[in-house]
J.: 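Have a look at this one before I ask anything.
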Protein chains: 2
Amino acid sequence: MGVSLKDVAQRAGVSIKTVSNVVNNYPHVTPQMRARVQQAIDELGYRPNLTARHLRKGRTGIIAFAVPELGNPYFAELAGAVIDAAAVHDYTVLVDHTAGLREREVLVSQEFRAHVIDGLILSPIHLENEDLLARQESSPLVLLGEREYEAPYDQIAIDNVAAARTAVRHLLDLGRRRIAFLGSRTSRERRPAHLRLRGWREEHAAAGLRPDENLVVATEGYGRADGAAAMAELLERGERPDAVFAYNDLIALGAMRTLTERGLEVPADVAVVGFDDIEESRYGAVTLTTVSPDKPAIARLAVDRLVERLAGGTLSEPQRIRPGYRLIVRESTRTRRTGA
Amino acid sequence: MGVSLKDVAQRAGVSIKTVSNVVNNYPHVTPQMRARVQQAIDELGYRPNLTARHLRKGRTGIIAFAVPELGNPYFAELAGAVIDAAAVHDYTVLVDHTAGLREREVLVSQEFRAHVIDGLILSPIHLENEDLLARQESSPLVLLGEREYEAPYDQIAIDNVAAARTAVRHLLDLGRRRIAFLGSRTSRERRPAHLRLRGWREEHAAAGLRPDENLVVATEGYGRADGAAAMAELLERGERPDAVFAYNDLIALGAMRTLTERGLEVPADVAVVGFDDIEESRYGAVTLTTVSPDKPAIARLAVDRLVERLAGGTLSEPQRIRPGYRLIVRESTRTRRTGA
C-alpha cells in the first residue's frame with residue numbers, strides 16, 4: 001500500500017520524471033532505463049495512480065480535464081500532457097468532452113460528479129462569467145485557454161495577442177502585405193473578437209499598415225473543413241492573399257489543401273502560419289510554421305495549481321498565469337525543400 | 001426531472017438522432033433545425049446526460065471508454081462516436097487513457113472506480129487473456145480492437161485480415177509488386193503477429209506471389225515518427241518498394257513525409273495505403289487511400305451491448321461482432337491532381 005512514484009524513483013536511483021516517463025511509456029527512454037525502473041516497480045509492487053492514499057484523505061485521486069473537442073489534436077496532446085503532469089502527483093485524469101456547449105460546460109463546472117472528482121481543469125468555449133459566479137461547488141477549478149473571466153479562479157493562458165503579433169510580424173518581415181486571417185468568429189456569436197484577430201490588427205498598425213478587413217474570414221468551427229472552406233470563400237470572392245495567418249493549425253492545414261487543389265504553391269504563392277504546433281504540422285508535404293504554446297508548461301501549471309489548492313494550507317489569491325510560447329518556422333514560410 | 005432526449009425529440013417533432021446531433025453540436029444541422037430543437041430543450045428544461053434517472057436505478061449514468069492513445073486521432077474520433085452513441089441512451093462517457101500499458105489496462109478492467117462507472121468499453125493493447133479470466137469485477141465490459149481473447153466478453157472488431165487483404169489487393173491491381181508493410185511489431189513483444197501483416201501475406205499468396213519479407217519493417221509505436229523512421233530505414237537498407245501498406249494512417253503519413261524529403265513522388269514512385277481513415281488522411285497535399293473501419297457502427301455496437309447488459313433481462317451469450325469497413329481510394333494510389 002502507498003508506494004509512490006517517489007519510492008520507485010528512490011529504489012531505482014532515478015528522477016521522478018524518469019519513472020513517470022517509463023510509466024507513461026514515453027519513447028525517449030532507453031531499454032536499460034526502462035528495465036531498471038520496471039524492476040523497482042515490480043519489487044515495490046507499485047501500481048500507478050493507486051487511489052488508496054487519496055481515499056485515506058477523503059479524496060478519490062481523480063481530477064477531470066474537460067475539453068471542447070477531442071477531435072482537435074491540440075486538446076488530445078494537451079490531455080496527454082495533463083495526464084503526465086498529474087501522474088507525478090499520483091492523480092488519475094478523466095477526460096471530459098463538452099463539445100464546447102455552454103450547458104455542458106456549466107454541468108462539468110458544477111461538478112455533477114462531486115463524489116468522484118477532486119478537482120477540475122476546464123478549457124471553456126461558451127461558459128459565461130455569470131456561470132462561474134453562480135458556481136456553488138467548492139472543489140478547485142482551474143481555467144485554461146483564450147477566454148478571460150472576472151471570477152475567482154486560477155486562469156492559465158499564453159498571451160494570445162502577443163503570440164499572434166509574433167506570427168504576423170514574421171509574415172510582414174517576409175515582405176508579405178496581404179495577410180489573411182482565417183477563423184474569426186461569426187457575428188451570430190456573442191463572444192468578444194478573438195485575441196488572435198486583435199493581434200493581427202495590432203501588428204499591422206504597429207508597422208504603420210492598414211490591414212484589409214476583407215481578408216478576415218469567419219468560420220463556423222475550428223477544423224480542417226472550416227479552413228478549407230474559408231480559403232475557398234476568399235479565393236472565390238476574388239481576394240488573393242500572399243499569406244495566411246490561421247486561428248489554429250487545423251484551419252491552416254485545411255486552407256493549404258484548398259491552395260493545393262487550386263494549383264497555388266505554399267509558400268511561393270501564399271505563405272501560411274498556424275497556431276498550436278500539433279504534431280501533424282511537422283509531417284505534411286509542406287511542414288507548417290506555427291505558434292507553439294508550451295503545452296507541458298500549461299499542463300504542469302494547471303495541475304500544480306489544482307494540487308496546491310487540494311492540499312489546502314496557505315492559499316494564494318487566484319492568479320492569471322502566462323506560460324510561454326514560441327514561433328516555429330517551417331517550410332510553409334520558407335523556400336520549399338526539394339528533397340535529398 | 002427526468003426529461004430525456006426522447007421527450008425533446010417528441011416536443012420538437014424530430015428524431016432522437018437529430019436531437020443528439022444538436023446536443024453534440026454537429027455541423028450538419030441547419031440553423032432552423034437547431035433553433036427548433038433548442039426551443040424544445042429550453043421549454044422542457046432538458047439537461048444532457050442528467051444522472052437523476054440513472055441514480056434512481058442505483059447507477060451513475062457514466063460509462064468509461066479506455067483507449068491506449070489519445071494522441072492517435074483514430075481513438076479520438078472513435079471516442080467522439082462513443083460519446084454520441086452513449087448520449088442516445090443518456091449516458092455520459094469518461095475517457096480513460098491507458099497508454100497501452102498492461103498494468104493500466106488491468107486497473108481499468110478491474111474497475112478501480114466501480115462506485116463511479118456503470119460499465120467499460122476497453123480497447124486493449126497488452127492486456128492478456130489471463131488478466132480477463134482473473135477479473136473479479138462483475139460490471140459489463142466490452143472489448144474493442146484487433147486482439148482476440150478467449151474470455152466471456154463481447155468483442156467488437158472488424159475482420160482485420162480481410163480488410164488488410166483488400167488493401168493489398170488494391171495495390172496488386174495497380175501493378176505494384178514490391179509492397180512494403182510498415183508497422184509490424186518488434187520481436188521483443190510477445191504479441192502474436194499482427195492480423196494486418198497476415199492479411200498482407202495471405203493476399204500475396206492468393207495472387208500466387210511470394211512477398212519479400214525484407215519489405216516488412218517493425219516499428220516501436222504507431223505514430224507519424226515511427227512511420228517516417230521505418231520508411232527511412234527501408235530506403236537506407238537499399239530496398240526500394242513501389243508501394244507501402246502501413247499498419248495505420250499515422251505510419252502512412254510519416255512514411256509519405258520521408259518519401260517527400262527523399263524526392264520520391266506519391267503515388268508515381270510509391271503508392272501508399274493506410275488504415276483507419278482519420279480525418280487528416282483527407283487533407284494532405286496528397287490525400288491518403290485507406291481502409292475505413294465503420295467507426296459509428298463500432299461505437300454503436302459497443303454502447304448497445306453495454307446498455308443491453310446493464311438493463312439485465314434476457315442476456316445473450318458474449319459475442320464476437322464484426323462491423324463493416326471499406327477501402328477509400330484517394331490520391332496516394334491515383335494519378336495526382338494537378339489543380340484546377
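Protein chains get the first letters and strands the later ones, always in sequence-line order, with residue 1 at the start of each.
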J.: Side chain from CB out, backbone as N, CA, C, O: work out which of these in A:Ala228 comes under 4.5 Å of a heavy atom of chain B, or both, or neither.
T.: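 Contact with chain B: side chain only.
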
J.: For chain B, find which of A:Glu77, A:Glu279, A:Met256 contributes the most heavy-atom pairs closer than 4.5 angstrom.
T.: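 Most heavy-atom pairs under 4.5 Å with chain B: A:Glu279.
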
J.: Without swapping roles, check the side chain of B:Lys295 against the backbone of B:Asp277 for a donor-acceptor pair under 3.5 Å.
T.: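 Indeed, once roles are kept as given, a pair shorter than 3.5 Å links the two residues.
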
J.: Checking A:Thr258 against chain B: side chain, backbone, both or neither under 4.5 Å from a heavy atom?
T.: neither

J.: When heavy-atom pairs shorter than 4.5 Å are enumerated against chain B, which of A:Gly223, A:Ala79, A:Gly284, A:Gly221 gives the highest number?
T.: A:Gly284

J.: Under 3.5 Å, is there a donor-acceptor pair between the side chain of A:Arg185 and the main chain of A:Thr219?
T.: yes

J.: Any sub-3.5 Å donor-acceptor pair from A:Asn248's side-chain atoms to A:Tyr222's backbone N or O?
T.: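 Confirmed, A:Asn248 side chain pairs with A:Tyr222 backbone.
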
J.: Heavy-atom cut-off 4.5 Å, strictly under: side chain, backbone, both or neither for A:Glu280 against chain B?
T.: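 Contact with chain B involves both backbone and side-chain atoms of A:Glu280.
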
J.: Excluding sequence neighbours, so at least two apart, what forms side-chain hydrogen bond (donor to acceptor under 3.5 Å, both in side chains) with B:Asp249?
T.: B:Thr290

J.: Mind listing the side-chain donor-acceptor pairs of residues 68-75 of chain B below 3.5 Å, one per line with the distance, residues two or more places apart or on another chain?
T.:
from	atom 1	to	atom 2	distance (Å)
B:Asn72	OD1	B:Tyr74	N	2.9

